[in-house]
Engineer: 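Got a structure for you, questions after.
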There are 2 protein chains.
Amino acid sequence: MSQQVPALPDLPEATVARLPEYLRALHHLAESGNDTVSSEALAGAAGVNSAKLRKDLSHLGSYGTRGVGYDVALLIDQIEYVLGLTQRRAVALVGVGNLGHALAGYAGFGSRGFRIAALFDADPGRVGEHINGLVVRHIDELPEIAEAESIAIGVIATPATAAQSVADRLVAAGVTSILNFAPCVLSVPDGVDVRKVDLAIELQILSFHEHRKASLIALPAAGGLTALPGGLAATGTEEAVGS
Amino acid sequence: MSQQVPALPDLPEATVARLPEYLRALHHLAESGNDTVSSEALAGAAGVNSAKLRKDLSHLGSYGTRGVGYDVALLIDQIEYVLGLTQRRAVALVGVGNLGHALAGYAGFGSRGFRIAALFDADPGRVGEHINGLVVRHIDELPEIAEAESIAIGVIATPATAAQSVADRLVAAGVTSILNFAPCVLSVPDGVDVRKVDLAIELQILSFHEHRKASLIALPAAGGLTALPGGLAATGTEEAVGS
DNA sequence: GCGTGTGAACTTCTTCACAGCC
DNA sequence: GGCTGTGAAGAAGTTCACACGC
């Protein structure tokens, strides 16, 4: 038998990743007093092109009005619904070092659909500390608190060496989504989602582009491919940037 | 100018984004005393599948040895070269609030190819503060210091309201790559690269998947779609409806 | 034998361009 | 006239599967 209508349209991942950006832009528009917005304008505010935006929204089945645009308030409701932001989700933050402290104090979580429900650390010296109105608890208390607070999302802000073990404990405590700030790969069971944020990786990607820009500027003549380590030289197929 | 920089292979963006992950895994392997590694093993350590890894590395023109694998040390050199990590790049960090403090203290920058060369803030109350051996300077001093330190990469950790103006000033000071932690879209001239990290967006993407998982488990009978905000119910692609 | 390197098939994402509706 | 919604074309990325060199 064919399945009943799914409660959620199953959106392309690329679309899901952009919806939060649209949402932010829409809130901004709403605060500025706009009732409707065209795909062109919203796309501009979200930093994408308008065809992409329209296609993304069409996946929600969202109804704009031809000749007019989208109803801002309605679109906000729809996107918040799809993203599951109609409830304020409880988040556990593990690791209150440098970065963890900053995250615990980050107002953006609170204003955008989340509530940091508990802070954990393994270091007894940190347990008991108050941050932003919350007490840091020992990681051993995770199971009971996760249960009590219905925590389904965990944020890992520990050193890389501890991250896998923390992930295991989060999963054991019923967490099914993890945001990982530790620079390492986590392995988790099927059904658990992991997203990763690695600051050094972001910089390294930028570094590549810096390197690339520098090499394009410095090199119009395709002669001198000598100085590089093994084998790279053969690959350059640039038709150069004219100048 | 006279530095003879060879043309870089122009890698697919998706490949560029994974190279740092491979690099981290390789360093880890090297520390554990491995001289060579197979695509299977390295892929596992980096959390990707081996075909993808081999294709990525093939874009570098990198030579593994058939029947053996890749030389760990050589591969590290090649990736670091391509990413432009053979020099330690100077980075300017603007905004030393909550998050900025944490970033300024983050050891991962130092150990992975970067040097925080200067800290800036617009708040006179913060100027002069010492963080991790650096003095916070007023943002007005950016041009001279960027010049003196050859800063080409800027990190924005200010509130969203200040981010665009900071970006403009960074660009004016010669910065050509920006890592933006502020939740807003930046507009910059062509030739300047921007990458964005938005913590709330990451959580919202996870929230979508939570919502989706929940809806699949408690899969409602087709009637139960009445409660959602305007119009979503009607959108399920018609053919899938088995009613 | 083993494991890399790679064409070819396939999937996903983006962009185009225009029909359809206000 | 203006703007959305969408098929169709195109580009980018992933996976397959196997030839080739060690």
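Each chain gets a letter, A, B and so on, in the order its sequence line appears, and its residues count up from 1. All values derive from a computational prediction rather than experimental measurement.
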Engineer: Mind running a 4.0 Å heavy-atom check of residues 18-35 of chain A against DNA chain C and sending the residues that fall below it, in number order?
Structural biologist: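 The stretch gives Arg18(A) as the residues lying under 4.0 Å from the strand, ordered by number.
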Engineer: Starting from P on dC3(D), measure out to CG on Leu75(A) and report it in whole angstrom.
Structural biologist: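 Rounded to whole Å, this separation is 17 Å.
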Engineer: Counting primed atoms plus P, OP1 and OP2 as sugar-phosphate and everything else as base, spell out the protein contacts along nucleotides 16-22 of chain C at 4.0 Å heavy-atom distance: B, S or - for each nucleotide, 5' to 3'.
Structural biologist: -B-BBBB
Engineer: Whole Å only: how far is the CD atom of Glu13(B) from the C1' atom of dC13(C)?
Structural biologist: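 It works out to 15 Å between those atoms.
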Engineer: Would you mind reading off the bend of the helix from dG1(C)-dC22(D) to dC22(C)-dG1(D) from its two end axes, five pairs each, to 10 degrees?
Structural biologist: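 Inter-axis angle at the termini of the helix from dG1(C)-dC22(D) to dC22(C)-dG1(D): 0°.
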Engineer: Would you mind listing every ring pair (Phe, Tyr, Trp, His ring centres under 6.0 Å) that reaches into residues 9-45 of chain B, with sequence neighbours excluded?
Structural biologist: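 Those involving residues 9-45 of chain B do not exist here.
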Engineer: Between dC2(C) atom C1' and Tyr70(B) atom OH, what is the distance in whole Å?
Structural biologist: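 Result: 13 Å.
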Engineer: Rounded to whole angstrom units, what separation is found between the CG atom of Asp10(A) and the P atom of dC13(C)?
Structural biologist: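 Result: 11 Å.
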Engineer: Take Arg112(A) and Leu203(B) through the test side-chain contact (heavy atoms from CB on, under 4.5 Å) and record every step on the way to the result.
Structural biologist: CA-CA 9 Å; Arg112(A) 287 161 80 189; Leu203(B) 287 182; over 6 Å; no
Engineer: Can you list the residues that meet the side-chain contact (heavy atoms from CB on, under 4.5 Å) rule with Ala45(B), with sequence neighbours excluded?
Structural biologist: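 Ala45(B) satisfies side-chain contact (heavy atoms from CB on, under 4.5 Å) with Ala25(B) only.
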Engineer: Do Asn49(B) and Leu53(B) touch side chain to side chain, with heavy atoms closer than 4.5 Å?
Structural biologist: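 In short, these two side chains do not touch, never coming nearer than 4.5 Å.
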Engineer: Round to a whole Å and report the spacing from CG of Leu60(B) to P of dG5(C).
Structural biologist: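 Atom CG in Leu60(B) sits about 10 Å away from atom P in dG5(C).
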Engineer: Could you state the atom-to-atom distance from CD of Glu40(B) to C1' of dT4(C) in whole Å?
Structural biologist: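 Roughly 12 Å, once rounded to whole Å.
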Engineer: Whole angstroms only, please: what is the CG-P distance between Leu53(A) and dC13(C)?
Structural biologist: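 Spelled out: CG on Leu53(A) to P on dC13(C) is 16 Å.
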Engineer: What pairs with Phe109(B) under ring-ring contact (aromatic ring centres under 6.0 Å, His included), at least two apart in sequence or on another chain?
Structural biologist: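 For Phe109(B) the ring-ring contact (aromatic ring centres under 6.0 Å, His included) partners, ignoring immediate neighbours, are Tyr106(B).
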Engineer: Once you round it to whole Å, what is the distance between P of dT6(D) and CG of Asp56(A)?
Structural biologist: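 Distance, rounded to whole Å: 13 Å.
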Engineer: Taking only residues two or more places apart in sequence or in another chain, which ones pass side-chain contact (heavy atoms from CB on, under 4.5 Å) with Ser207(A)?
Structural biologist: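 For Ser207(A), the residues satisfying side-chain contact (heavy atoms from CB on, under 4.5 Å) (neighbours in sequence not counted) are Leu85(B), Arg89(B), Phe114(B).
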Engineer: Which residue pairs pass the side-chain hydrogen bond (donor to acceptor under 3.5 Å, both in side chains) test with at least one member in residues 161-175 of chain B, sequence neighbours excluded?
Structural biologist: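 The answer is Asp140(B)-Arg169(B), Gln164(B)-Asp168(B).
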Engineer: Show every donor-acceptor pair shorter than 3.5 Å between a side-chain atom in residues 171-192 of chain B and any protein atom, with sequence neighbours excluded, or say none if there are none.
Structural biologist:
from      : atom 1 : to        : atom 2 : distance (Å)
Thr176(B) : OG1    : Glu210(A) : OE1    : 3.0
Thr176(B) : OG1    : Glu210(A) : OE2    : 2.5
Ser177(B) : OG     : Glu210(A) : OE2    : 2.6
Asn180(B) : OD1    : Ala182(B) : N      : 2.9
Asn180(B) : ND2    : Ala182(B) : O      : 3.2
Asn180(B) : ND2    : Cys184(B) : O      : 3.2

Engineer: Check whether any side-chain nitrogen or oxygen of Tyr63(B) sits under 4.0 Å from OP1 or OP2 of dG3(C), and answer yes or no.
Structural biologist: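 The answer is no; no side-chain N or O of Tyr63(B) sits under 4.0 Å from OP1 or OP2.
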Engineer: Give a yes/no on whether any side-chain N or O of Lys52(B) is located under 4.0 angstrom from OP1 or OP2 of dG13(D).
Structural biologist: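 So the side-chain polar atoms of Lys52(B) never come under 4.0 Å of the phosphate oxygens OP1 or OP2 of dG13(D).
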Engineer: Identify which nucleotide among dG5(D), dG5(C), dT4(D) has an atom closest to any side-chain atom of Ser38(A), counting heavy atoms from C-beta outward.
Structural biologist: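 Selected nucleotide: dT4(D).
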Engineer: With sequence neighbours excluded, tell me which residues meet side-chain contact (heavy atoms from CB on, under 4.5 Å) with Ser50(A).
Structural biologist: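 Once residues adjacent in sequence are excluded, the partners of Ser50(A) under the side-chain contact (heavy atoms from CB on, under 4.5 Å) criterion are Ser39(A), Glu40(A), Ala43(A), Arg54(A).
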Engineer: Can you list every pair that meets salt bridge (charged side-chain N to carboxylate O under 4.0 Å, His left out) and has a residue in residues 14-39 of chain B, with sequence neighbours left out?
Structural biologist: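 Applying salt bridge (charged side-chain N to carboxylate O under 4.0 Å, His left out) to every pair that reaches into residues 14-39 of chain B, excluding sequence neighbours, yields Lys196(A)-Glu21(B), Arg18(B)-Asp56(B), Glu21(B)-Arg24(B).
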Engineer: Suppose we screen for ring-ring contact (aromatic ring centres under 6.0 Å, His included). Which residues come up paired with His209(B), at least two apart in sequence or across chains?
Structural biologist: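 Once residues adjacent in sequence are excluded, His209(B) has no partner under the ring-ring contact (aromatic ring centres under 6.0 Å, His included) criterion.
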